[in-house]
Amino acid sequence: MAEHFVRHRQPWKSEELQKLKTLASKGMGLKAIAKALTRSEESVQDRAKQDGIKIAKLR
């Protein structure tokens, strides 16, 4: 039987959003930004889409 995990998302703080915008503007990739913010890549990608932030393509 497969285990099902419920993902609890923490709300984004304004400092985290500012850091996301800064790192994205410097041309960092999704993995690097996710690691810097200690969040999942999916979470970072979703937030970037919501705010219209462009993230460099994954290589």
Side-chain angles (χ1 to χ4, degrees):
M1 194 163 107
E3 294 280 327
H4 294 285
F5 294 99
V6 176
R7 186 177 293 197
H8 295 285
R9 294 187 177 213
Q10 292 190 332
W12 284 74
K13 298 178 187 150
S14 59
E15 307 89 54
E16 286 181 306
L17 278 176
Q18 192 58 45
K19 197 171 184 181
L20 170 59
K21 290 175 186 174
T22 304
L23 295 175
S25 69
K26 290 182 179 180
M28 289 181 73
L30 181 61
K31 284 186 179 185
I33 293 172
K35 196 171 189 178
L37 294 175
T38 61
R39 288 192 175 259
S40 71
E41 291 177 32
E42 295 86 18
S43 176
V44 171
Q45 201 168 20
D46 290 347
R47 191 64 211 207
K49 281 182 185 175
Q50 283 179 8
D51 291 357
I53 301 168
K54 301 278 187 224
I55 296 179
K57 297 278 184 217
L58 296 174
R59 296 174 195 205

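Everything numeric here is computed off the predicted structure, so don't read it as measured data.
- Checked options I53, L23, I55; the residue passing with V44 is I55 (criterion: side-chain contact (heavy atoms from CB on, under 4.5 Å)).
- Of all heavy-atom pairs spanning G27 and A56, the tightest one is O-CB, 3.5 Å.
- When all heavy atoms of R47 and L17 are compared, the closest pair comes out as NE-CD2, 3.5 Å.
- Between the CD atom in Q18 and the NZ atom in K21 there is a gap of 6.0 Å [rounded to 0.5 Å].
- Within the model, atoms CH2 of W12 and CG of D46 stand 9.0 Å from one another, a figure rounded to the nearest 0.5 Å.
- A salt bridge is defined here as a Lys NZ or Arg NE, NH1 or NH2 lying under 4.0 Å from an Asp or Glu carboxylate O, and E16 with R39 meets this definition.
- M28 and I33 make their closest contact through O-CD1, 3.6 Å (heavy atoms, listed as atom of the first residue, atom of the second, distance).
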